[in-house]
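One-based numbering, in listed order, for ligands and for the atoms of each. Count residues from 1 along the sequence.
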Amino acid sequence: MDQNKRMYFTWDIHYKCNFRCPYCWFYTKWPDEGRRNIYLSPDEWMKHWRRVYDKYGSIRIEITGGEPFIYPNFIELIKRLSSIHRVKITTNMSGDIETFVKEIDPQKVNLDLNFHPLFADIDTFIRKALILKKSGFKAGVCYLAYPPQMGKINFYRKYFEENGINFALAAFWGEYRGKTYPDSYTQEEIEFIRPFLGDIDRIVYHLKGESPRGKLCNAGYKYAVIQADGKVIRCGQLPDKAISNFLDDNFHLLDRPEPCEADYCPCNEYINILDERN
Ligand code: SF4
Ligand code: SF4
């Protein structure tokens, strides 16, 4: 990985969602985590994101939640934010995509579309994904290999692909019926999931759950997570390691890469590891 790669942030814009997926990390935590939400206007947020621009230049912001599209004035905020930074949004696609494509430049904003079959209607989802595609946005769908949903992977893959939408899988990290995943996937399930996961690092850290502890990592230095209350942490695995507060004038990151202090790196944050191939 490129040690000089450009900086990026994950921004948990708020811990609120209009879905209640049983596999969601927040499933039992919504009321508690929701108390941390702060609701600022686009003007107020821009003050903070301009401070980042002045300090680090134009960076990439990966917005997640909860569901970002239900944050007040979200589309206006994205329009303003993408005038100085590049933006990626993870969404369940329940939002107003028609207005979004009219207001937002696909050269500056990407979306990760997550299909949650218990709450989203597949035909509505596809209609919106095609609106995005026609407007110049990349619009592949991601589906979670959650044990009770695995039997429908091929059905959904075919349905999406027949409609011209790329299909990818994410491995499930969590417990189902007393078993811990991804460790409890059978070999057959692993072989089935593997082609949809992408690069080898993703398989090592995402599917096999190899420990990154001790590896030098850019998390906290060239990457950080901004939580809904402004707390800045190295990555999702180290929530107690606060570096600073995004809303403070003296907001800062680490001065250098530091060794990983976690045993798992289940999301895509493993790309920050400076491993032996560098
Ligand atoms: S849509 Fe995403 S954030 Fe909302 S409940 Fe489902 S997994 Fe959680
Ligand atoms: S390797 Fe993963 S868990 Fe460890 S510090 Fe880096 S991003 Fe965090």
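Within 6.0 Å of atom NZ in Lys55, more than 12 heavy atoms from other residues, nucleotides or ligands are found, so the atom counts as buried in its surroundings.
Of all protein N/O/S atoms, those lying under 2.8 Å from atom 4 (Fe) of ligand 2 come to 1.
By the 4.0 Å N-to-carboxylate-O rule, Arg80 lies close enough to Asp43 to be salt-bridged with it. Electrostatic pairing of Lys79 and Glu76 does not count as a salt bridge here, judged by no charged N lying under 4.0 Å from a carboxylate O. A salt bridge is defined here as a Lys NZ or Arg NE, NH1 or NH2 lying under 4.0 Å from an Asp or Glu carboxylate O, and Glu191 with Arg194 meets this definition.
The aromatic rings of His48 and Trp45 lie perpendicular to each other, with more than 60° between the two planes, well past the 30° mark. Between Phe137 and Phe100, the angle of the ring planes lies from 30° to 60°, which puts this pair in the tilted group.
Applying the salt bridge (Lys or Arg N to Asp or Glu O under 4.0 Å) test to residues at least two apart or on different chains, the pairs with a partner in residues 150-168 are Arg157-Glu161, Lys158-Glu162. The stretch residues 118-137 participates, sequence neighbours left out, in these salt bridge (Lys or Arg N to Asp or Glu O under 4.0 Å) pairs: Glu98-Arg127.
Heavy atoms of Tyr223 come nearer than 4.0 angstrom to ligand 2 in no pair at all. For the pair Tyr146 and ligand 1, no heavy-atom separation below 4.0 Å is found.
Screening Asn114, Asn18, Thr91 for a side-chain hydrogen bond (donor to acceptor under 3.5 Å, both in side chains) with Glu67, the sole residue that qualifies is Thr91.
Remark: ligand 2 atoms within the under-4.0 Å shell around heavy atoms of Tyr264 are 3 (S).
Take a cut-off of 2.8 Å around atom 4 (Fe) of ligand 1: the protein N, O or S atoms inside it are Cys17 SG.
For the pair Tyr143/Pro117, a side-chain contact is recorded, criterion being any heavy-atom separation below 4.5 Å from C-beta on. Annotation: side chain of Leu253 is not in contact with side chain of Tyr221 (no heavy-atom distance under 4.5 Å).
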